[in-house]
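In the text below, chain A, chain B and the rest are named by the order of the sequence lines, each starting its count at 1. Small disclaimer: the values here were computed from a predicted structure and weren't measured.
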Number of protein chains: 2
Amino acid sequence: MNRKITLAIVDDHPIVVQGLQMILTNNSEINVTGCFTSGSDFIEFLKNNEVDIVLLDVMLPDGNGMDLCKEIKSISPNICVLALSNHSERSIVMQMLQNGASGYLLKNVSVQELTSCIYDALNGEVAFSKAVKEILARPSANDLKGIPQLTKREKEVLQLIAEGKTTALMAKHLFVSPLTIETHRRNLLQKFEVKNVASLIKIAADQGLLKFIG
Amino acid sequence: MNRKITLAIVDDHPIVVQGLQMILTNNSEINVTGCFTSGSDFIEFLKNNEVDIVLLDVMLPDGNGMDLCKEIKSISPNICVLALSNHSERSIVMQMLQNGASGYLLKNVSVQELTSCIYDALNGEVAFSKAVKEILARPSANDLKGIPQLTKREKEVLQLIAEGKTTALMAKHLFVSPLTIETHRRNLLQKFEVKNVASLIKIAADQGLLKFIG
DNA sequence: AAAAAAATACCAGAAAACCAGTAGAAGAAA
DNA sequence: TTTCTTCTACTGGTTTTCTGGTATTTTTTT
């Protein structure tokens, strides 16, 4: 038989750590080698110990999980990082993945899901919990803060802005006066409570309101 | 026992249809009620028949799968659409999902994966095949055009633009002249080959280059 | 030490976006 | 029918971005 899987937990919520530990000690193949409440503690540990997989909270007292994930992977490239978080914002999920995470689980994950995701990740697959798949598929559907209610025309204009069209071009495209487009843009800025199109597009993109442009 | 699951196949490749049919007739819970080689044929069928789930090829002779998916869902909102495709472009996957698909499978899917995805989808979950999860997780890896190489300063300015800061504010924030910021913005626009910050932020957001703003 | 890359800074003008306020017409909902 | 929402359009002015140049200093790489 193979040696046990070594697993570490990095999370500053004692309850979560306790819960995870309980679940995982029931699994004879997995050995929880350490629990850490801060990223720097774990980094120190990692320099002298071998870890197969780490369950990493995205929001820690010292620095954010994205940078930490990158650092972990640079120290120990073969480690699997499974992000574990309450945050269901699409951009956070994407950033963790781009920084080398092997998967992303929301903390409402079930015991079965948790273990199967651990094995999937160790197998080189990408592992998502159910809720995360929802987010990736339909970002706009699951967002905490309410998305402004946009009219049909506003959605069209929003999309065109994201495509880089100027007021004049949008007006031609929609067969209306440029002044009308300006009004729509103004209303969009107001609804999203921002002051320029840069933030408008940032938020709209995060909330999955924009089509992907091939 | 419940009634059988009714399943339809829409694909213009006879071999694929044959293969799917073979696999699925082995499953006693699933009843393949129809195979169609064009979208319009299936739409006609759907008007008079009830279908639980449809395996839908994304590229059909008559029109694309995205619009077809939307039409299917508008006729029969409770139907599950599982996109089945050779196309692994991220934008296609995202658009199918945004048009109401319950999942996306690449045609290299295994028999087990296929059936488990069918059950997941019918269960109201989002179903991806392994390869598709890869695509969703690491868009840049499967992307045709490379991400521009940004300098440290450019990344900072990009982030600040996304946060809605004006040139003057960015200058104060980074302790440089506003003219320097303008140069950086200009270089960013050039590197991304766009003409305004709206498209700049759109692309940067799509590629996960921007931090989440609390 | 030389070359390349990155960060800094400037000028001047054109184009576009942003702000504040107003308002008519069409369509949907009460 | 009246009210509400959406879409439309305007005036007039301010701010910011965008364009096309150029150029010095600092840092990194060869």
S.K.: What nucleic acid atoms does B:Thr180 come within less than 4.0 Å of, heavy atoms only: base, sugar-phosphate, or nothing?
M.R.: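 If one applies the 4.0 Å heavy-atom cut-off, B:Thr180 turns out to touch a base.
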S.K.: Test of understanding: with side chain to side chain contact (heavy atoms under 4.5 Å, CB included), list the residues that count as partners of A:Asn123, not counting sequence neighbours.
M.R.: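 Per chain and number, A:Asn123 pairs via side chain to side chain contact (heavy atoms under 4.5 Å, CB included) with no residue.
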S.K.: Please report the closest heavy-atom contact between B:Met66 and B:Asn99, naming both atoms and the distance.
M.R.: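 For B:Met66 versus B:Asn99, the nearest heavy atoms are O-ND2, 3.1 Å.
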S.K.: With a 4.0 Å cut-off on N to O distance, would you call A:Glu163 and B:Lys202 a salt bridge?
M.R.: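 The answer is no: the pair does not qualify as a salt bridge.
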S.K.: Do nucleotides 21-30 of chain C as a string where each nucleotide becomes B, S or -: B if the base has a protein heavy atom under 4.0 Å, S if just the sugar-phosphate does, - if no protein is that close.
M.R.: B---------
S.K.: Find the distance between CD1 (A:Ile118) and CD1 (A:Ile5) and round it off to the nearest 0.5 Å.
M.R.: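 One gets 8.0 Å once the value is rounded to the nearest 0.5 Å.
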S.K.: Applying side chain to side chain contact (heavy atoms under 4.5 Å, CB included), name anything that partners B:Asn31, two or more places apart in sequence or on another chain.
M.R.: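 Once residues adjacent in sequence are excluded, the partners of B:Asn31 under the side chain to side chain contact (heavy atoms under 4.5 Å, CB included) criterion are B:Lys4, B:Thr33.
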S.K.: Can you check the A:Leu158 CG to D:dT6 P distance for me, whole Å?
M.R.: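 Computing the A:Leu158:CG to D:dT6:P distance gives 16 Å.
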S.K.: With the criterion being N/O to N/O and under 3.5 Å, what pairs connect the protein with nucleotides 12-15 of chain D, and how long is each?
M.R.:
none

S.K.: For B:Arg153 and for A:Ala198, find the nucleotide of DNA chain C with the closest heavy atom, then tell me which residue's nucleotide is more 5'.
M.R.: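 The residue mapped nearer the 5' terminus is B:Arg153.
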S.K.: Whole Å only: how far is the CD atom of A:Gln190 from the P atom of C:dA17?
M.R.: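 Between P of C:dA17 and CD of A:Gln190: 18 Å.
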S.K.: Taking side chain to side chain contact (heavy atoms under 4.5 Å, CB included) as the test, write out the residues that go with A:Asn108, two or more places apart.
M.R.: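 If we apply the side chain to side chain contact (heavy atoms under 4.5 Å, CB included) test to A:Asn108, skipping adjacent residues, the hits are A:Leu106, A:Ala131.
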S.K.: Which ring-ring contact (aromatic ring centres under 6.0 Å, His included) pairs, counting each pair once, include a residue from residues 36-61 of chain A, with sequence neighbours left out?
M.R.: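 Non-adjacent pairs meeting ring-ring contact (aromatic ring centres under 6.0 Å, His included): A:Phe36-A:Phe42, A:Phe36-A:Phe45.
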